[in-house]
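What follows is a set of notes on a single structure, which appears directly below.
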Amino acid sequence: MTGAVPRVGVVTFPGSLDDGDALRAIEQMGGHAVSLWHGERDLRAVDAVILPGGFSYGDYLRCGAIARFAPVMEPVMAFAERGGPVLGICNGFQVLCEAGLLPGAMIRNRSLRFVCRDVWLRVETAQSCITDGLTPGETIEIPIKHGEGQWIATPEQLADVERDMLVVFRYASRTGIVDEAQNPNGAVNNVAGIRNAAGNVVGLMPHPEHAVDPDVGPTGGQPLFASLLHMAMAGVIG
Amino acid sequence: MKTFTFEVLVTLKDGLSDPQGKAVESALPSLGWTNVHHVRVGKHIKLDVDAEDETTALEQVRGMAVRLLSNPVIEDYQVLEVSPK
Amino acid sequence: MKTFTFEVLVTLKDGLSDPQGKAVESALPSLGWTNVHHVRVGKHIKLDVDAEDETTALEQVRGMAVRLLSNPVIEDYQVLEVSPK
Amino acid sequence: MSSEQDPLHRQLGLTDDELAQIEATLGREPNRTELAMYSVMWSEHCSYKSSKIHLRTLPTEGPSVLVGPGQDAGAVDVGDGIAVVFKIESHSHPSAIEPYQGAATGVGGIVRDIVSMGARPVALLDPLLFGPLTEERNRWLFAGVIAGIGGYGNCIGVPTVGGEIRFADAHTADPTVDVMCVGVARVAELVTTQSRTAQAGSLMVLYGASTGRDGIGGVSVLASATLDDGAEGSRPSVQIGDPFAEKLLIEASLELIAAGSLEGLQDLGGAGITCAVSESAARAGMGASLDLDAVPLREPGLVPFEILTSESQERMLAIVHPSKIDDVRAICDRWGLTTAVIGGLTPGGTLTVRSGGAVVAEVPASSLAEDGPVYERPVAPPARTMGNGEDPTFVPFEKDLTEAVFTVLTAPNVASKRWAFEQYDRVVQGNTVAGPDSDAAVVRVTGTLKGLALSTDSKSRFGRLDPFLGAAHAVAESARNVAVTGAIPMAITNCLNFGNPERPEVMWELTESIRGIREACLALDTPVTGGNVSLYNESGDSAIWPTPVIGMLGLLEDYRLRIPSSFPRPGLAIYLMGETFAELGGSEFAEAVLGVVAGKPPALDLTRERALHRLLVAAARGAVVASAHDCGDGGVAIALLESAIGGGHGFAVALAGDLPSHVALFSESASRAVLSVDPADEEALVRLAAEHGVPVARLGETGGPRALIEGLVDVPVDELRDAWEGAIPRLLGET
Ligand SMILES: Nc1ncnc2c1ncn2[C@@H]1O[C@H](COP(=O)(O)OP(=O)(O)O)[C@@H](O)[C@H]1O
Ligand SMILES: [Mg+2]
């Protein structure tokens with residue numbers, strides 16, 4: 001299958017904002033970007049799905065609460081259950097939590113303020129669709145921009161998440177130190193991203209799609225997209 | 001000194017558009033509820049106040065509601081006492 | 001068909017930290033209120049439901065509260081009927 | 001002020017003469033509904049009656065100007081078939097009573113102006129002025145306004161890439177909240193009066209949010225005649241923004257334009273439907289028939305004047321040929337937006353409004369939109385002498401200079417605004433090459449190498465002392481801010497924030513400021529493409545400082561050649577371009593250290609200013625400089641320190657010359673910039689500077705962990721950064 005290019009779909013919900021950026025990042029990293037519409041139950045034969053950032057339905061009730069009921073979410077959930085790679089970025093992460101595909105929930109940042117800045121993330125596991133080929137302990141730089149990014153969970157849930165090593169990224173210093181000073185939103189245990197048990201579903205608050213082009217930001221998103229495209233390729237080949 | 005528990009309800013004044021309420025209202029039909037109207041979303045604040053007596057406590061909570069918990073230009077508030085502890 | 005008005009109260013589960021409640025609590029002392037504790041901020045949703053009878057309406061509102069209005073992972077809800085119209 | 005006994009027109013803010021003019025136009029007495037329509041359209045906000053004759057003196061033409069003042073926003077041709085549309089608007093009055101929603105709806109309003117020209121909004125900038133943060137109410141206003149700007153801008157997916165935040169006592173009661181929006185369109189797709197020809201029979205389609213009783217403002221006095229007391233309280237003058245609805249409105253509008261479905265497009269802002277309908281008709285040289293029963297309402301029982309004057313947010317009016325109405329409905333449906341045909345264009349010039357089948361108003365459309373009153377209000381300089389007080393330039397200063405450096409660096413005007421701009425999404429759309437921490441933001445244009453350099457500036461402290469100079473400095477500084485990125489200054493928009501124009505002193509400040517903008521724009525070749533005027537910013541008899549805010553558009557042909565504003569590495573030579581004179585009048589040093597706003601503001605030689613800009617553009621094209629930062633508040637001292645803090649590299653320099661040390665450090669002489677240059681390029685830079693006639697001085701080198709100004713200052717850069725970044729959070733009580 002040389003020359004095959006994986007198709008990666010990006011869902012546009014009403015109020016999605018970073019869908020265009022995700023589409024561009026996929027193309028830039030060598031994938032074939034496919035735009036998906038919230039109102040359609042058709043995944044257009046994609047090999048991976050991204051739920052992008054933004055404020056779906058204004059995020060007025062709870063972030064992601066309304067989007068999870070969009071018609072497109074039916075095939076997305078089925079795709080996830082079949083093991084297809086699904087990445088939720090920021091609002092997309094919130095949608096995945098609301099839909100029960102990932103544990104925990106997001107509440108407002110500890111500061112109650114929206115925060116947009118470049119942060120460092122420590123990779124916690126290579127067992128996920130966006131960290132395949134990365135080394136646990138290494139750090140990458142990616143921007144965050146959210147008002148409700150404080151990931152929380154009940155103590156039991158948290159214990160399970162840590163035991164099963166579901167944390168994919170933690171907010172850290174450039175050298176990989178994880179502490180409160182590096183926590184931009186108050187997330188429990190500095191959690192910035194998590195996966196499901198199989199690793200095919202991942203959600204993260206930071207925005208890798210804004211970290212692939214050195215002219216406009218850091219480049220920590222490149223290896224994550226490379227990993228996603230690689231995992232999607234498995235779908236193309238297998 | 002006793003402790004009194006209050007609830008303060010802060011809602012957008014009638015006549016103002018309520019984007020949150022609108023979002024909920026328009027999401028409900030697709031979940032099968034087509035019979036819901038006039039959805040308004042407000043804030044509910046619960047707090048404990050230490051005071052000599054109920055009247056003093058109530059008065060203080062009213063003060064907080066006006067000065068901090070609501071902006072009278074766009075919001076109304078209502079103070080409810082829950083139960084003395 | 002009648003119209004019933006309900007209030008749904010959505011609050012963060014006890015034990016979960018409440019950044020909004022904390023912010024209110026820490027703003028109060030500088031305004032002179034040093035006697036307030038346990039501030040919790042939740043949502044208050046008011047809505048009208050058309051239904052044959054109260055029981056049907058109430059059941060539907062419960063459904064909305066579980067499926068849409070609250071996130072059971074972190075929130076509790078309470079449904080109050082206001083008054084039949 | 002009007003009282004209950006006043007006749008209705010006066011209660012509505014119309015003068016006796018204005019009423020007479022209306023009666024002459026109609027040949028009869030206006031009815032209540034008509035009076036309400038004239039009242040909102042002839043208000044200061046909509047008619048520019050106090051400022052119009054003065055605005056006409058501004059230079060508005062240039063080879064690249066596609067659209068000048070007179071439409072929703074100006075537009076400039078940046079080459080390759082691309083138009084940049086931009087405008088600034090103020091939302092100060094609502095922000096003073098509900099800072100979050102006031103600022104949020106301000107963002108929404110200016111974004112719709114850009115969209116109505118057919119452009120995709122690509123950047124927002126927010127110039128803001130507040131009273132000192134030492135007061136609780138000012139902190140509340142400050143935090144609320146910032147959160148509101150972020151809350152709205154972040155939710156519609158338009159990056160907020162710049163702005164400015166300043167503080168002055170005079171803004172305590174009246175904060176200034178201005179918002180600039182920049183959009184990009186294909187020149188061929190611009191929606192302008194010239195590009196679209198609406199015809200009689202074309203439909204007027206209202207789409208977006210429904211209409212409620214909000215923002216009815218001054219005309220609410222009519223309510224006493226039409227509604228009981230209970231309803232009066234339900235007519236708030238502040239609106240709640242719905243950025244989600246706005247996002248849908250943006251996408252649907254741009255899709256409608258791309259599909260070629262529209263003959264005209266107009267946002268609904270001040271004066272609501274009355275303004276949009278009368279302007280659309282008047283621009284097309286036609287009349288209109290309007291059916292209020294067709295307007296989707298948010299609540300029952302609105303009476304005609306309420307529907308006509310409501311300023312409910314997130315609505316647009318499209319002019320559509322009947323053959324295209326189904327296309328329009330389909331696109332709006334897809335975005336979940338309600339559409340309503342509320343009327344149509346008619347031959348002749350009459351606007352006829354119907355409600356419940358009856359005609360409730362019948363007036364010439366152009367009389368509302370174009371023939372409003374124009375005043376030549378009395379102008380007189382204030383009694384106080386300008387440049388009052390002892391000029392701080394000549395006050396000897398014996399105190400510790402290091403302490404003075406920290407005082408100026410941590411003064412709220414100078415201190416880092418990170419606390420605020422971190423609340424803005426500056427990266428969405430993926431084109432932000434430089435954000436709020438740069439002299440000018442740089443946003444690249446998708447599909448090209450072009451970079452738009454954007455800056456907003458006000459110099460109201462100079463303006464307070466000399467409004468002419470203050471305004472000219474604001475233009476010069478905004479141009480310099482884009483030039484230090486390597487961009488050519490192209491055109492400006494402006495927002496004139498002043499007090500009560502019925503006071504001759506305020507009119508004098510206004511006219512002097514307009515004269516200053518005119519002179520500077522002529523000299524710098526940056527025409528005025530539009531703007532906004534915000535008057536009556538005063539409480540009691542104390543007005544805000546004269547505050548013309550300039551929004552500058554600059555162009556980089558290749559954004560990759562942008563010059564960054566801080567020292568990128570050690571081992572570079574540091575140069576000061578331009579000359580330093582003994583000029584501390586109205587300076588940050590004078591205010592922060594000496595506690596006075598007095599003296600004569602720095603002189604401004606616009607020929608020198610322009611030479612500096614040309615030099616910087618040439619240097620960028622030749623990739624000769626490594627960084628460039630303009631010298632503004634706090635003079636060369638602050639320019640050096642900010643260059644060091646931003647890049648994380650110290651420096652060692654000496655300031656030559658025989659000015660007193662504090663003057664050399666803090667003088668705010670115009671037309672200067674601090675550059676860093678690779679040693680290999682020094683010769684080229686010096687040659688370029690000579691060619692452009694710009695004086696240069698080699699100050700020293702970058703490198704090391706300390707900021708060293710020989711004999712004057714020697715402090716670790718880390719310490720400076722902590723002080724600079726911590727100042728605003730400390731004032732807010734957060735550290
Ligand atoms: N200070 C100014 N300088 C130049 N043009 C101005 C200024 N103020 C207003 N204008 C122009 O007057 C016209 C009307 O402005 P405005 O009523 O604010 O427009 P809109 O109603 O579309 O927001 C616009 O074209 C605007 O650019
Ligand atoms: Mg307009």
Side-chain angles (χ1 to χ4, degrees), chain A residues 12-25 27-28 37-40 52-61 63 66-67 70 90-91 108-109 111-119 142-148 184-185 206-218 221, chain D residues 120 143 146-161 241-252 314 333-337 418-437 442-444 446-447 449 451 558-560 562 729 732 734:
Chain A
T12 297
F13 296 102
S16 289
L17 304 178
D18 303 284
D19 43 345
D21 303 284
L23 290 163
R24 185 171 41 207
E27 293 281 339
Q28 192 175 327
W37 186 247
H38 68 99
E40 284 162 17
F55 289 73
S56 58
Y57 301 90
D59 275 356
Y60 288 134
L61 180 65
C63 301
I66 297 176
C90 195
N91 196 239
R108 285 181 72 177
N109 296 347
S111 65
L112 296 184
R113 293 195 298 272
F114 188 96
V115 57
C116 175
R117 71 166 78 125
D118 294 341
V119 298
I142 293 187
I144 54 165
K145 51 186 191 87
H146 57 247
E148 302 193 32
N185 56 28
H207 286 264
E209 80 282 20
H210 287 292
V212 292
D213 180 347
D215 285 344
V216 288
Chain D
R120 174 170 288 280
I146 305 290
I149 289 167
Y152 205 98
N154 299 345
C155 192
I156 57 173
V158 181
T160 300
V161 298
D242 182 352
F244 171 58
E246 179 99 344
K247 167 69 177 165
L248 303 179
L249 209 57
I250 296 171
E251 297 304 330
E314 291 97 18
D333 277 354
R334 185 173 132 90
W335 287 103
L337 295 174
R418 177 178 298 280
W419 187 92
F421 70 68
E422 267 196 357
Q423 298 184 54
Y424 306 150
D425 180 349
R426 64 175 185 279
V427 305
V428 69
Q429 295 192 15
N431 286 325
T432 307
V433 178
D437 34 14
V442 177
V443 176
R444 63 183 181 185
T446 304
L449 289 177
D558 184 341
Y559 72 84
R560 296 169 303 178
R562 165 189 87 99
L732 295 170
E734 291 188 357

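By convention in this document, chain letters (A, B, ...) are assigned in the order of the sequence lines, proteins followed by strands, and residues within each chain are numbered from 1.
Every residue meeting the side chain to side chain contact (heavy atoms under 4.5 Å, CB included) condition with Arg444(D), not counting sequence neighbours, appears here in chain and number order: Asp213(A), Asp215(A), Val216(A), Asn431(D), Val433(D), Tyr559(D). Taking the salt bridge (Lys or Arg N to Asp or Glu O under 4.0 Å) definition, one finds that Asp242(D) meets it with Lys22(B), sequence neighbours left out.
Between Arg113(A) atom CZ and Gln423(D) atom CD the span is 5.5 Å, to the nearest 0.5 Å. Here the CG-CG distance, from Asp425(D) to Asp18(A), works out to 6.5 Å after rounding to the nearest 0.5 Å.
Heavy-atom distances place no part of Glu251(D) under 4.5 Å from chain A, backbone and side chain included. Only the side chain of Tyr60(A) has a heavy atom closer than 4.5 Å to any heavy atom of chain D. When heavy atoms are compared at a cutoff of 4.5 Å, Ser16(A) approaches chain D solely by way of its backbone atoms N, CA, C and O. Looking at Arg560(D), the atoms closer than 4.5 Å to chain A (heavy atoms on both sides) all sit in the side chain, from C-beta outward. Using a 4.5 Å cut-off between heavy atoms, Ile146(D) does not touch chain A at all.
Proximity of Phe244(D) to Pro14(A): side-chain heavy atoms (C-beta onward) are separated by under 4.5 Å at one or more points. The shortest distance between side-chain heavy atoms of Lys247(D) and Phe55(A) does not fall below 4.5 Å. The shortest side-chain heavy-atom distance between Lys145(A) and Val427(D) falls under the 4.5 Å cut-off.
In terms of heavy-atom pairs under 4.5 angstrom with chain A, the leader among Glu422(D), Glu734(D), Arg426(D) is Glu422(D). With respect to chain A, the highest number of heavy-atom pairs below 4.5 Å among Leu248(D), Val428(D), Thr432(D) belongs to Val428(D). Chain A forms the most heavy-atom pairs under 4.5 Å with one residue out of Ala147(D), Pro243(D), Gly150(D), and that residue is Pro243(D).
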